[in-house]
Amino acid sequence: MTQDCIFCNIANGKTDTEFLYEDDHLVVFRDIKPHAPVHLLIVPKRHIRSVNDLTDDHRSILGDLFMAARDMAKKEGVDRSGYKLLFNVEKGGGQVIFHLHLHLMGGWKR
Ligand code: 5GP
Ligand code: ZN
């Protein structure tokens, strides 16, 4: 855990952010500034800066993130209508919080 990292603090329960899901490896919570009717962040508890910093050690965490996304899409009722999964990578890719996170966005009326 990195003390001045906001997602480390959130993922390790140091804030009042409400979790929609939590297990030993990750947490899921709503984005504070949603870009979609359903906008969740799926965040590993381990501090990893970005996709660029992934190593072989992180393979199982990546699987966990995607399985949590699949489950949360179903729970939020957007699995059949469809949704986007997104990693922003570094500044040029729109990353603002430098702690790996997967965006799940859906729920638009189309
Ligand atoms: P990034 O651009 O780094 O991929 O996405 C970071 C996301 O985190 C943004 O969509 C932003 O709205 C969200 N965010 C930033 N700070 C907080 C926070 O304190 N709580 C929550 N729930 N979301 C946050
Ligand atoms: Zn962190």
Side-chain angles (χ1 to χ4, degrees):
M1 165 157 176
T2 306
Q3 250 160 18
D4 55 3
C5 169
I6 180 162
F7 280 7
C8 276
N9 283 306
I10 291 176
N12 290 282
K14 307 264 187 253
T15 72
D16 57 8
T17 303
E18 189 187 326
F19 296 149
L20 304 177
Y21 175 78
E22 177 178 18
D23 65 23
D24 288 347
H25 305 294
L26 62 86
V27 296
V28 180
F29 52 90
R30 290 194 198 281
D31 196 294
I32 206 167
K33 247 180 95 185
H35 289 265
V38 173
H39 187 168
L40 310 185
L41 298 172
I42 304 163
V43 181
K45 289 187 174 178
R46 261 176 92 173
H47 183 84
I48 303 162
R49 178 185 163 93
S50 83
V51 166
N52 285 342
D53 300 273
L54 289 168
T55 68
D56 275 344
D57 278 0
H58 300 129
R59 285 180 189 277
S60 73
I61 288 184
L62 286 179
D64 293 343
L65 294 178
F66 280 100
M67 297 309 244
R70 179 203 60 187
D71 293 346
M72 292 309 303
K74 192 164 190 189
K75 266 195 199 163
E76 294 285 311
V78 298
D79 56 327
R80 294 297 158 202
S81 54
Y83 53 97
K84 295 181 195 293
L85 294 176
L86 174 74
F87 285 104
N88 292 323
V89 184
E90 297 295 334
K91 286 195 183 75
Q95 189 174 4
V96 174
I97 308 282
F98 296 99
H99 176 129
L100 189 78
H101 51 280
L102 179 58
H103 294 259
L104 188 167
M105 288 170 281
W108 302 278
K109 297 256 180 292
R110 278 183 180 159

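Only heavy atoms go into these numbers, but all of them, side chains included; no hydrogens, no water, no symmetry mates. These numbers come from a predicted model, not from an experiment. Read the numbers this way: they start at 1 and go in the same order the structure lists the ligands and their atoms.
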Contact table ligand 1 N or O to protein N or O, d under 3.5 Å:
| unit_1 | atom_1 | unit_2 | atom_2 | d |
| --- | --- | --- | --- | --- |
| ligand 1 | 2 (O) | Gly94 | O | 2.7 |
| ligand 1 | 2 (O) | Val96 | N | 3.4 |
| ligand 1 | 3 (O) | Val96 | N | 2.7 |
| ligand 1 | 3 (O) | Ile97 | N | 2.9 |
| ligand 1 | 3 (O) | His101 | NE2 | 3.1 |
| ligand 1 | 4 (O) | Asn88 | ND2 | 2.9 |
| ligand 1 | 4 (O) | His101 | NE2 | 2.7 |
| ligand 1 | 4 (O) | His103 | NE2 | 2.8 |
| ligand 1 | 5 (O) | His101 | NE2 | 3.1 |
| ligand 1 | 5 (O) | His103 | NE2 | 3.3 |
| ligand 1 | 10 (O) | Asp31 | OD1 | 3.2 |
| ligand 1 | 10 (O) | Asp31 | OD2 | 2.5 |
| ligand 1 | 12 (O) | Asp31 | OD1 | 2.5 |
| ligand 1 | 22 (N) | Arg30 | O | 2.8 |
| ligand 1 | 22 (N) | Ile32 | N | 3.4 |
| ligand 1 | 23 (N) | Ile32 | N | 3.2 |

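- Within the protein, the number of N, O or S atoms lying under 2.8 Å from the Zn ion (ligand 2) is 4.
- Put simply, the side chain of Asp71 does not reach to within 4.5 Å of the side chain of Tyr21, judged on heavy atoms.
- Residues Lys84 and His103 fail the side-chain proximity criterion, which asks for heavy atoms closer than 4.5 Å.
- Taking His25 as the reference, Asp23, Asp64 meet the side chain to side chain contact (heavy atoms under 4.5 Å, CB included) condition, with sequence neighbours excluded.
- Legend: residues meeting side-chain hydrogen bond (donor to acceptor under 3.5 Å, both in side chains) with Ser60, ordered by chain and number and at least two apart, are absent.
- Not less than 6.0 angstrom separates the ring centroid of His101 from the ring centroid of His99.
- Looking at Gln95, its side chain does come within 3.5 Å of a backbone N or O of Arg49 through a donor-acceptor pair.
- Between Arg30 and Glu18, no side-chain nitrogen of the basic residue sits less than 4.0 Å from a carboxylate oxygen of the acidic one, so the salt-bridge criterion is not met.
- Between Lys75 and Leu20, the closest side-chain pair of non-hydrogen atoms is not below 4.5 Å.
- Across all non-hydrogen atoms, the minimal contact from Leu65 to Ile42 is CD2-CG2, 3.7 Å.
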